[in-house]
Amino acid sequence: MGRQKGAKGEGKAKQKATKQKRLSGNDSAGAVGDENKNSMSSPQVKTPKTEPLKSASSPRESVKQGPENDDFAAKKKGLKRKRIKDEPTEGPSHSTATPTSKKKNKRNGQEEETAGEPQRKKPTKREGKVAKKEEGEHPVSKKPKKTKEEITEARLLKIKLKEEEERSRWRWWEEEKYEDGVKWKFLEHNGPFFPPKYEPLPDNVNFYYAGKKVKLSLAAEEVGLFFAQMLDHDYTTKKVFRENFFTDWRKEMSDEERMLIKDLDKCDFKELHAMHTAKVEARKLMTKEGKLAVKEANQKIVDDFGYCLLDHHRERIGNFKIEPPGLFRGRGEHPKQGMLKKRIQPEHVIINCSKESRIPVAPAGHHWKMVRHDNTVTWLASWTENIQGSIKYIMLNANSKLKGEKDWEKYEIARKLKSCVDNIRYQYTQDLKSKQMKTRQRAVALYFIDKLALRAGNEKEEGESADTVGCCSLRVEHITLHEKLDGNECVVEFDFLGKDSIRYYNKVPVISKVFKNLRLFLENKSPGDDLFDRLSTTLMNKHLSSLMPGLSAKVFRTYNASITLQQQLKELTNKSDNMPAKLLSYNRANRAVAILCNHQRAPPKTFDQSMANLQAKIDARKEQLSLAKTELKQAKKEAKTEVKTEAKNKGSPDSKLQTSVSQRLVERKKAAVQRYEEQLLKMEVQATDREENKQIALGTSKLNYLDPRISVAWCNNNVVPVDKIYNKSQRDKFAWAIDMTEADFEF
DNA sequence: GAGCACACTTAGAACTCTGACT
DNA sequence: AGTCAGAGTTCTAAGTGTGCTC
């Protein structure tokens, strides 16, 4: 996003300028003899750092070329898109927005201060429960004292609610798309929600400087509190964070304060911090009633600000809250971490809505910066943030038409790539031999983007953000070439920080043409130089869009992710498996994609402990199982003896009775053994899944890269309920796919 | 074609809630 | 009833990519 304006890092600016000059140059590549040994392969999934993930680790792809249905305008059944002239689905057709259906409405407590608001009707506990049940996980809880009738009733209610929700869902995917660029015809909303005003510290909470109590001005106090609240966080120990904070804090101080407070180390925030901790604690210890009151107040905010009316349908807004002020928490070694993120006032906010709609009213005593009526964009409100100078937007929720349609389109473009990826691969392999240096660099970069699912790697302004790179912005220091490594030839070792400063580390065998080109690109360069000095993402994307309309670097990520999922599912799923095993297969396929895309997470703090707990449970169960087995054996033995005795006694009633009792005991013991075996298996599968997932985040790929139709089709084919793999909000987001996908769907 | 503005998607962390277990 | 881990949700930073201006 906007690395606009602002101070530019001199060094990088210079570097950039040189690169640009080179970019426009037209020199040719040195002769490089080469031949293509390995056939083209892609995408390559990195080996996970935790544990060999055999099943999921190398989804070699062999693209099946199907006469696919390329047209986004949809030809599959139920896809005819006919727009009923902008018409009223009106009234209760509030898409997914029936109040009871919205269990998501619990809000964070950030605005607990506002909780004094009049309370409003909101789903009762019971309704909440029903909505929760609707989640489908465990329809019937083992709560005692529920009569059969009640259970049936609850079940019926659940079904009814589901049906109701289905009926009221806006099936936008069956309508015709608007003409190019138009995003909506009617848009009405209540504007954004502003965070509560700052509340001054109580008299018994003080700030001290050099041991002396200092009463700060309101502005300085507020910013000081931001820091105090973060004292438990690592951020506050970082030099850059502290310096940035202190500089910005001093700007908020009065002249007097500035004269006095010159050293952050002499600042004592203890009481402020303690107050904060106490507040957090108090919130946890609140009574049921108190918690309920807060919840209701939050619900009211959602009701008032969380929805908009878009083309006669009520749609949920994704982020209707203005971001509260605070200290900037950049990721990685961000040069601006700790800077003050200023409070946004209505005077900073631009509103976007229909001319003929009810224009949102600014908070009392305020006015908007501007009111626009631009239906070629999807945002409802925007403001410019003061750290990077970039624009922030208020937009719709992922389950909205605007987001869903775009998502669908994204996957259709990726599917289109499937039909021409072979040609494109052939072309860039040819380009590896080009006379033009520019073309060769583009070819090698594209090889990486395709094979490794690297991000494009836009240029970044130095000093504006952490030093991270993507494919086109790789520098010499980020790769190491190995003629031979671990039994492979032509291995490239990557080590760099990517988006969010997540480390990408991978050793990849490449075809020799690529290897030789890389050697050439590295000649006479120092570590800080650009690897692809004649290439930019713009050039790359221009080239790609000339190969296929709509094609850009990121499409390869989507395509390779989705195709990998499809292949892995095919490879790993066993129709005769039981449910846990099938789900494990799904997760493993998902994991293969997450590894490919390098979606990592910090291992949960409690990971080792929870793993140990689970192991303990497994051990306990094993013990139970072996005991049960012994008992079963014993019971069988006894039963046998009884039968013999009965025979001896010529079937006397007494012996008969005894025999049937023993028989029943055997049955019971058998059932117990079976039950323990099942439980054990389930836990073992869970343990495997969890271990393999230690450092891998599945959510990002599931939400952004995997065509949901692949998953839905897999569910249909394997008799797995969709809610086993998608939770409620994911099902809402992918409603279009769940509705239209048939078992024979092929990505 | 460089530089910027803008709009949008993608990302992991932080926070909150729920339900299993004791 | 209380505790706690994991699931789900929210938050907002950090990317991508296009189109306009000079």
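Throughout, a chain's letter reflects where its sequence line sits, starting with A, and its residues are numbered from 1. All figures in this text were calculated on a predicted structure; none of them were measured in a lab.
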What residues form a ring pair (Phe, Tyr, Trp, His ring centres under 6.0 Å) with A/Y705, not counting sequence neighbours?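 Checked A/Y705 against ring pair (Phe, Tyr, Trp, His ring centres under 6.0 Å); matches are A/H599.
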Pick base, sugar-phosphate or nothing for [X], based on heavy-atom distances below 4.0 Å to the nucleic acid.
X      : value
A/I502 : sugar-phosphate
A/K183 : sugar-phosphate
A/T537 : nothing

Grab the [atom1]-[atom2] distance between [X] and [N] for me, whole Å please.
X      : N      : atom1 : atom2 : answer
A/F556 : C/dG17 : CZ    : C1'   : 15 Å
A/R455 : B/dC8  : CZ    : C1'   : 16 Å
A/I696 : B/dA11 : CD1   : P     : 15 Å

With a 4.0 Å cut-off on N to O distance, would you call A/K341 and A/E323 a salt bridge?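 Looking at A/K341 and A/E323, the cut-off is met.
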Is any side-chain nitrogen or oxygen of A/S729 closer than 4.0 Å to OP1 or OP2 of C/dT9?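 Answer yes for this pair, as a side-chain N or O of A/S729 is under 4.0 Å from OP1 or OP2.
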Relative to A/Y411, does A/K406 satisfy both conditions: NZ or CZ under 6.0 angstrom from the six-membered ring centre, and within 45 degrees of the ring's axis?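 No; the conditions do not both hold, so A/K406 does not lie above the ring face of A/Y411.
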Let me spell it out: for each of A/R557 and A/Y235, pick the nucleotide of DNA chain B with the closest heavy atom. Which residue's pick is nearer the 5' end?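 The residue mapped nearer the 5' terminus is A/R557.
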Can a donor-acceptor pair under 3.5 Å be found between the side-chain atoms of A/K410 and the base atoms of B/dT9?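 Such a pair does not exist between side chain and base.
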Could you check A/Y559 against A/I413 for side-chain contact (heavy atoms from CB on, under 4.5 Å), going step by step and ending with a plain yes or no? CA-CA 9 Å; A/Y559 161 71; A/I413 294 174; over 6 Å; no
